[in-house]
Amino acid sequence: MREDTLRDSVQTVESTQNYDSAEGFDVLLITGMSGAGRSRAADCVEDMGWYVIDNLPPKLLIPMVDMMTSGSKLHRLAAVIDVRSRSYFDDLSAVLSHLDDLGVKTRILFLDAKDNVIVKRYESVRRPHPLQARGRLIDGIRQERELLEHLKDRADIVIDTSTLSIHQLSTKLYEAMLGSGSTTVSVHIFSFGFKYGMPIDADFVADVRFLPNPFWVPELREQTGLDKPVSDYVLSSKGAVEFLDAYEKALLTAIEGYAKEDKHYVTIAIGCTGGQHRSVAMCEALAKRLRSHNLQVSVSARELKKRK
């Protein structure tokens, strides 16, 4: 019955799947020892922008990929798979082979930990191991390790979490998936006007009201910091470049530290009086500088919508 179900899944995809549409679609399988950090890994991967499904039977991967490659804007699927029996492993092998035929890029992330560490973790949460049944905890752990041995051998990423905190595990995952250091941090910069209130969600807030205000220049008043004449006026003002030099250096130091401390999203706010000219121009200039360091940077202007 199991083989028939798997065959039906494969045939469904073969009849509807456009092979070209599967190209560029990524599948990440998150698996490994129970108690080694699969749930934490899934949360981290989801934060990276993957669509995550927990506890997915392997044979459902094919119809799931079919569904997501048929007009969906989602191109990265992560599935947490708990391989508890040999039949599950057999299903997984057949599914991975078929996904390879479809041109789907598939990787396996395997979380591992030493037996004594897993024992301590289960004792702390006071829950039985899924394979323990009515026997000893260590017996369930050893049985699972034996079942997963071949899957670990074919894994693309193996992380031993025995000595890692949850934050250290997260950092390891970001490094494995995205690279190391500050490149794992996403930065958002937005401009605002102080007269409309201070932002409550910014990690850094800068005040550029020390720069001359283009509002008092008649030909610039109706433009914004997105317009070149205003941008040129602001950036050529005394102190603008010096401020950006110093602020860029300080932010790079902080972002590097954030990456090490498992903080991968940073919000920077730059304010002026009305949020139309100086802060907008300075945000764009700062974003350009940070992007030159291979950082992911997005920019928005909180007050510009007030002009519409």
Side-chain angles (χ1 to χ4, degrees), residues 25-56 58 61 74-84 92 96 105-125 127 129-130 141 144-145 147-188 203 251-267 290 293-297:
F25 187 86
D26 294 341
V27 171
L28 176 68
L29 304 183
I30 303 172
T31 188
M33 295 295 294
S34 300
R38 289 193 309 254
S39 296
R40 176 61 180 175
D43 291 341
C44 293
V45 170
E46 187 172 42
D47 290 342
M48 295 179 204
W50 292 69
Y51 185 83
V52 178
I53 301 175
D54 196 5
N55 199 24
L56 183 72
L61 262 176
L74 299 172
H75 299 288
R76 295 188 295 179
L77 169 67
V80 182
I81 294 180
D82 183 0
V83 184
R84 301 183 184 182
L92 185 57
L96 290 176
K105 181 180 178 182
T106 306
R107 288 179 289 173
I108 299 175
L109 167 63
F110 191 98
L111 283 303
D112 200 1
K114 293 181 173 58
D115 288 355
N116 64 313
V117 174
I118 296 177
V119 168
K120 289 181 180 179
R121 290 175 181 173
Y122 267 99
E123 287 177 346
S124 66
V125 298
R127 295 192 63 193
H129 186 277
I141 294 172
E144 183 179 38
R145 192 174 297 283
L147 289 172
L148 292 172
E149 182 179 358
H150 296 294
L151 189 57
K152 181 180 179 181
D153 289 341
R154 67 181 298 176
D156 300 276
I157 304 170
V158 178
I159 298 178
D160 189 323
T161 68
S162 299
T163 61
L164 301 179
S165 69
I166 58 173
H167 298 298
Q168 290 170 331
L169 169 57
S170 178
T171 298
K172 285 276 190 183
L173 283 169
Y174 271 90
E175 290 176 349
M177 301 288 291
L178 301 178
S180 61
S182 58
T183 57
T184 65
V185 179
S186 295
V187 180
H188 183 71
D203 299 293
L251 288 171
L252 288 174
T253 300
I255 290 170
E256 185 72 30
Y258 281 153
K260 295 177 181 178
E261 293 299 319
D262 193 25
K263 179 176 172 62
H264 300 280
Y265 297 88
V266 177
T267 303
L290 295 183
H293 297 281
N294 297 319
L295 292 173
Q296 302 177 55
V297 183

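The figures here come from the full heavy-atom set of this structure, side chains too, leaving out hydrogens, waters and symmetry mates.
- Rounding to the nearest 0.5 Å gives a distance of 10.0 Å between NZ of K172 and CG of L169.
- Each of V52, V45, L28 was checked for a side chain to side chain contact (heavy atoms under 4.5 Å, CB included) with V80, and the lone residue meeting it is V52.
- Side-chain contact check for T161 and R121: at least one donor-acceptor pair (N or O, by modelled atom type) lies under 3.5 Å.
- Using cut-offs of 30° and 60° for the angle between ring planes, the H129 and Y122 rings count as tilted.
- Heavy-atom minimum distance, L109 versus A41: CD2-CB, 4.2 Å.
- Within the 4.5 Å cutoff, the side chain of M33 has heavy atoms near those of the I141 side chain.
- Other residues, nucleotides and ligands contribute at most 12 non-hydrogen atoms within 6.0 Å of the NZ atom of K114.
- With values rounded to the nearest 0.5 angstrom, L147 atom CG is found 14.5 Å from K152 atom NZ.
- Put simply, the side chain of T184 does not reach to within 4.5 Å of the side chain of T171, judged on heavy atoms.
- The shortest side-chain heavy-atom distance between I81 and L151 does not fall under the 4.5 Å cut-off.
- Side chains of H167 and R40 form a contact here, defined as non-hydrogen atoms less than 4.5 Å apart.
- Here the OG1 atom belonging to T106 is positioned 9.0 Å from the CG atom belonging to D156, to the nearest 0.5 angstrom.
- Listed here is the closest heavy atom pair of A259 and H264: O-CE1, 3.9 Å.
- Of the residues listed (R145, E144, E123), the one engaging I118 in a side chain to side chain contact (heavy atoms under 4.5 Å, CB included) is R145, and it is the only one.
- Counting non-hydrogen atoms of neighbouring residues, nucleotides and ligands closer than 6.0 angstrom, the CD atom of E261 reaches no more than 12 such neighbours.
- Within the model, atoms OG1 of T31 and CZ of R38 stand 6.0 Å from one another, a figure rounded to the nearest 0.5 Å.
- Contact detail for Y258 and D203: the closest heavy-atom pair is OH-CB, 4.5 Å.
- Scanning both residues, A78 and I30, for their nearest heavy atoms gives CB-CD1, 4.2 Å.
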What do the steps show when you test H293 against L251 for side chain to side chain contact (heavy atoms under 4.5 Å, CB included), and what is the final call?
CA-CA 12 Å; H293 297 281; L251 288 171; over 6 Å; no
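- Residues C44 and M177 have side chains not in contact (no heavy-atom distance under 4.5 Å, counting atoms from C-beta outward).
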Step by step, work out the side chain to side chain contact (heavy atoms under 4.5 Å, CB included) result for L29 and L92.
CA-CA 10 Å; L29 304 183; L92 185 57; 3.6 Å; yes
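- I166 contributes atom CD1, which lies 9.5 Å from atom CG of D43 (distance to the nearest 0.5 angstrom).
- Using a 4.5 Å heavy-atom cutoff, the side chains of K120 and S124 are not in contact.
- Taking CD1 of I159 as the reference point, atom CG of L111 lies at 6.0 Å (rounded to 0.5 Å).
- Taking 4.5 Å as the limit, some side-chain heavy atom of M48 sits within range of a side-chain heavy atom of L178.
- In this structure, the side chains of L173 and I157 stay at 4.5 Å or more apart for every pair of heavy atoms.
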